[in-house]
Amino acid sequence: MAILITGGCGYIGSHTVIEMVKAGYDVVILDNFYNSKPEALRRTRELAGRDVPFYECDIRDAEGLRRIFREQSIDAVIHFAGLKAVGESVQKPLAYYDNNVGGTVVLCQVMAEFGCKRMVFSSSATVYGMNNPSPLKEDMPTGAVTNPYGRTKYIIEEILKDVCVSDKDWSVVLLRYFNPIGAHESGRIGEDPNGIPNNLMPYITQVAIGKLPRLSVYGDDYDTHDGTGVRDYIHVVDLAAGHVKAVDYALGHSGAEVFNLGTGNGYSVLDLVHAFEKASGVAIPYAIAPRRAGDIATCYSDPSKAERVLGWKAARGVDEMCRDSWRWQSGNPRGYDQ
Ligand code: NAD
Ligand code: UD1
């Protein structure tokens, strides 16, 4: 009995591999290295303390997937593989629909062929769109998304719900992540974005190591306590632990179930900058810049359903998130490039 982890060499996937192994699961990793590096796999195996089986494979390659299902006894899939850059998705929508939506359809078809009908899927708080007030709850309306990336997450959620309606043997857990930051406490694995980061924490850490001159704070006139955008940052290891609970749940239930994975706490951009400065001892120069298109003022979760049903709750606070992001970045200024 093993769990297949697609995108298992990526940021969240690599941390999840380690938590799953720690919890006693056998895991098999699939990745095409589109947005990750073999060095991430090497270090993940090192931290997991075992030679986890790996397949270099694209989720759109049905024959490649069949080989994995023939060679391994897969009971469930944690499905991380996908493209995730919001701006790029506006430029290349077809690549996003092909990879994220098309890839998920192929994966589900091959799973069904082999009688494997349990999946934990990486969705996003982005499916709540612009119109819902925080704290966001799982039963709020979804779909008013503002970019193709977000739309792929919404469409995949709907596809997976339809699959569960069509066949009662399917069990799908849709996890809506808030803003994952932080890194494994060893400092050996973490987020390694290509080029200039789009997201706040990797931008801050690259300013801290001197790779970028200063942070642009996108807007200081939002209706928040200091005018800057408020988000629900969650430590990636807490997020990874949520996947262990989600797999436990998927193995014992049928149908589709949705859970927020967040802390329930909102921090502004400047709150995070100051928390990072405190944790690292490094000053972060910043300048106020215009709002970024598509951003909302405030986005944080109501995480109570995950606690009630899965028995999962985030344990790490913002200081630990900043400390671990900094340990990873300062110890690996060039990420996985040696
Ligand atoms: P990531 O890019 O670090 O990891 C994704 C991995 O999937 C990469 O290793 C990449 O090489 C692989 N991959 C992409 N397309 C593939 C394909 N067609 N076949 C095989 N492998 C493929 O991203 P992440 O931050 O770890 O995110 C994991 C998942 O969680 C994604 O689906 C993402 O959309 C979702 N998510 C991420 C965030 C976030 O802030 N990081 C927030 C919400 C949701
Ligand atoms: C972004 C994506 C969202 C995705 C999420 C994953 C956009 C519009 N949204 O969300 O779809 O699910 O990442 O984590 O890209 N900020 C700055 N300066 C920066 C970078 C960010 O001030 O250089 C601010 C943003 O305006 C925001 C906050 O920091 O208020 C967090 O931004 P970010 O890390 O990009 O995450 P989200 O915008 O929440």
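Below, all heavy atoms of this structure are taken into account, side chains as well, without hydrogens, waters or symmetry copies. Read the numbers this way: they start at 1 and go in the same order the structure lists the ligands and their atoms.
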Q: Determine, considering heavy atoms only, which of Y218, Y267, Y286 sits nearest to atom 22 (O) of ligand 2.
A: Y218

**Q.** Minimum-distance protein heavy atom relative to atom 38 (O) of ligand 2
**A.** R292 NH2, 2.8 Å

Q) Among protein heavy atoms, which lies nearest atom 13 (O) of ligand 2, and at what distance? A) N199 ND2, 3.1 Å

Q: Would you check, one step at a time, whether the test salt bridge (charged side-chain N to carboxylate O under 4.0 Å, His left out) holds for R60 with D58?
A: CA-CA 5 Å; R60 292 163 295 181; D58 191 298; 2.8 Å; yes

Q) Can you tell me which residue and heavy atom of the protein come closest to atom 39 (O) of ligand 2, and the distance to 0.1 Å? A) R231 NE, 2.6 Å

Q: Identify, by atom number and element, the atoms of ligand 1 in contact range of S124, meaning under 4.0 Å from any of its heavy atoms.
A: 43 (C), 44 (C)

Q | Sub-4.0 Å heavy-atom contact, P180 with ligand 1 | A | yes

(Q) If we count only N and O atoms by modelled type, under 3.5 Å, do the side chains of N100 and T152 hold a donor and an acceptor together? (A) yes

Q. Can L30 be said to touch ligand 1, with heavy atoms closer than 4.0 Å?
A. yes

(Q) I need the nearest protein heavy-atom contact for atom 37 (C) of ligand 1: residue, atom name and distance, please. (A) I12 CD1, 3.8 Å

Q: Under 4.0 Å from a heavy atom of Y233: give me the atoms of ligand 2 that qualify, with their elements.
A: 28 (C), 31 (C)

(Q) Among G82, A125, G7, which one puts a heavy atom closest to atom 14 (C) of ligand 1? (A) G82

Q: Output the list of atoms in ligand 2 that are nearer than 4.0 Å to some heavy atom of V217, sorted by atom number.
A: 22 (O)

Q. In the protein, which heavy atom is nearest to atom 15 (N) of ligand 1, and how far is it?
A. N99 ND2, 3.1 Å

Q) Taking all atoms of both residues into account, what is the closest heavy-atom pair of L270 and Y286, and its distance? A) CD2-CZ, 3.6 Å

Q | F33 and F54 aromatic centres sub-6.0 Å | A | yes

Q. Any idea which protein heavy atom is nearest atom 17 (C) of ligand 1, and the distance to it?
A. N32 ND2, 3.3 Å

Q: Taking the side chain as every heavy atom from C-beta outward, state whether K92 and L83 have any atom pair closer than 4.5 Å.
A: no

Q. At a 4.0 Å cut-off, with the gap strictly under it, does some heavy atom of S216 reach an atom of ligand 2?
A. yes

(Q) Under a 4.0 angstrom heavy-atom cut-off, which atoms of ligand 2 come close to G229? (A) 30 (O)

Q. Less than 4.0 Å between a side-chain N and a carboxylate O, is that true for K84 and E191?
A. yes

(Q) Using heavy atoms and a 4.0 Å limit, tell me yes or no: is A40 in contact with ligand 1? (A) no

Q: Quick one: pull up CE in M1 and CD in Q72 and give me the separation to the nearest 0.5 Å.
A: 14.0 Å

Q: Give the residue and atom name of whichever protein heavy atom lies nearest to atom 2 (C) of ligand 2, and the separation in Å to one decimal.
A: V86 CG2, 3.5 Å

Q | Sidechain N-carboxylate O distance under 4.0 Å for R291, D221 | A | yes

Q. I59: heavy atom below 4.0 Å from ligand 1, yes or no?
A. yes

Q | Numbered atoms of ligand 1 (with element) below 4.0 Å of C57, judged on heavy atoms | A | 19 (N), 20 (C)

**Q.** atom 34 (O) of ligand 1 - nearest protein heavy atom and its distance
**A.** Y149 OH, 2.9 Å

Q.
Let's go through R323 and E185 carefully: what are the C-alpha distance in whole Å and the side-chain angles of both, what is the deciding distance for salt bridge (charged side-chain N to carboxylate O under 4.0 Å, His left out) to 0.1 Å, and is it a yes or a no?
A. CA-CA 9 Å; R323 189 197 65 199; E185 64 173 8; 5.0 Å; no

Q) ligand 1 versus D58, non-hydrogen atoms closer than 4.0 Å: side chain, backbone, both, neither? A) both

**Q.** Stepwise salt bridge (charged side-chain N to carboxylate O under 4.0 Å, His left out) test for R50 and D26
**A.** CA-CA 10 Å; R50 72 167 79 157; D26 287 328; 3.2 Å; yes

Q) Just how far is it from atom CD of E19 to atom OG1 of T16, taken to the nearest 0.5 Å? A) 7.5 Å

Q. For K153, is the nearest heavy atom under 4.0 Å from an atom of ligand 1?
A. yes

Q. So which bit of V269 gets within less than 4.0 Å of ligand 2, heavy atoms only: side chain, backbone, both or neither?
A. side chain

(Q) Checking contacts here: is it the side chain or the backbone of F33 that comes within 4.0 Å of ligand 1, counting heavy atoms only? Could be both or neither. (A) backbone

Q. Does one side chain, of R176 or Y128, offer a donor that lies under 3.5 Å from an acceptor on the other?
A. yes

**Q.** Identity and distance of the protein heavy atom lying nearest atom 4 (C) of ligand 2
**A.** Y149 CE2, 4.3 Å

(Q) Out of all atoms in ligand 2, which are within 4.0 Å of some heavy atom of N179? Include the element for each. (A) 36 (O), 37 (P), 39 (O)

Q.
Tell me which one of I5, V77, L65, D61 satisfies side-chain contact (heavy atoms from CB on, under 4.5 Å) with L30.
A. L65

**Q.** E46 bridged to R188 by N-O distance under 4.0 Å
**A.** yes

Q: Below 4.0 angstrom from a heavy atom of N198, which ligand 2 atoms are there? Numbered from 1 as shown, please.
A: 20 (C), 35 (O)

Q) Given Y11, F80, Y34, which one has a non-hydrogen atom that is nearest to atom 31 (C) of ligand 1? A) F80

Q: Answer yes or no for G150: is there a heavy-atom contact with ligand 2 below 4.0 Å?
A: no

Q) Between F259 and Y249, is the gap from one ring center to the other below 6.0 Å? A) yes

Q. Looking at D295, which atoms of ligand 2 are within less than 4.0 Å of one of its heavy atoms?
A. 8 (C), 25 (C), 26 (O), 38 (O)

Q: Identify, for atom 34 (O) of ligand 2, the protein heavy atom at the shortest distance, and state residue, atom and that distance.
A: L200 N, 2.8 Å

Q.
For H243 together with Y177, are the ring centres under 6.0 Å from each other?
A. yes

Q. Which residue holds the protein heavy atom closest to atom 1 (P) of ligand 1, what is that atom called, and what is the gap in Å?
A. N35 ND2, 3.8 Å

Q) Given D248 and K245, is the salt bridge (charged side-chain N to carboxylate O under 4.0 Å, His left out) satisfied, shown in steps? A) CA-CA 5 Å; D248 294 344; K245 298 290 189 182; 5.2 Å; no

Q: Would you tell me whether H79 and T104 have side-chain atoms, one donor and one acceptor, within less than 3.5 Å of each other?
A: yes

Q.
Y203 versus ligand 2: do any nitrogen or oxygen atoms come within less than 3.5 Å of each other?
A. no

Q.
Checking a contact table here: which protein heavy atom is nearest atom 24 (P) of ligand 1, and how many Å away?
A. K84 NZ, 3.8 Å

Q: Could you grab the distance from atom OH of Y149 to atom OG of S89, nearest 0.5 Å is fine?
A: 9.0 Å

**Q.** Nearest-neighbour protein heavy atom for atom 12 (C) of ligand 1, which is reported as residue plus atom name and distance
**A.** D31 OD1, 3.3 Å

(Q) To the closest 0.5 Å, what do you measure between SG (C322) and OH (Y233)? (A) 10.0 Å

Q.
Using a 4.0 Å cut-off to any heavy atom of G10, which atoms of ligand 1 qualify?
A. 3 (O), 4 (O), 9 (O), 26 (O)

Q | Close-contact set for ligand 2 against S124 heavy atoms, below 4.0 Å | A | 12 (O)

(Q) Could you check whether F121 and W170 have their ring centres less than 6.0 Å apart? (A) no

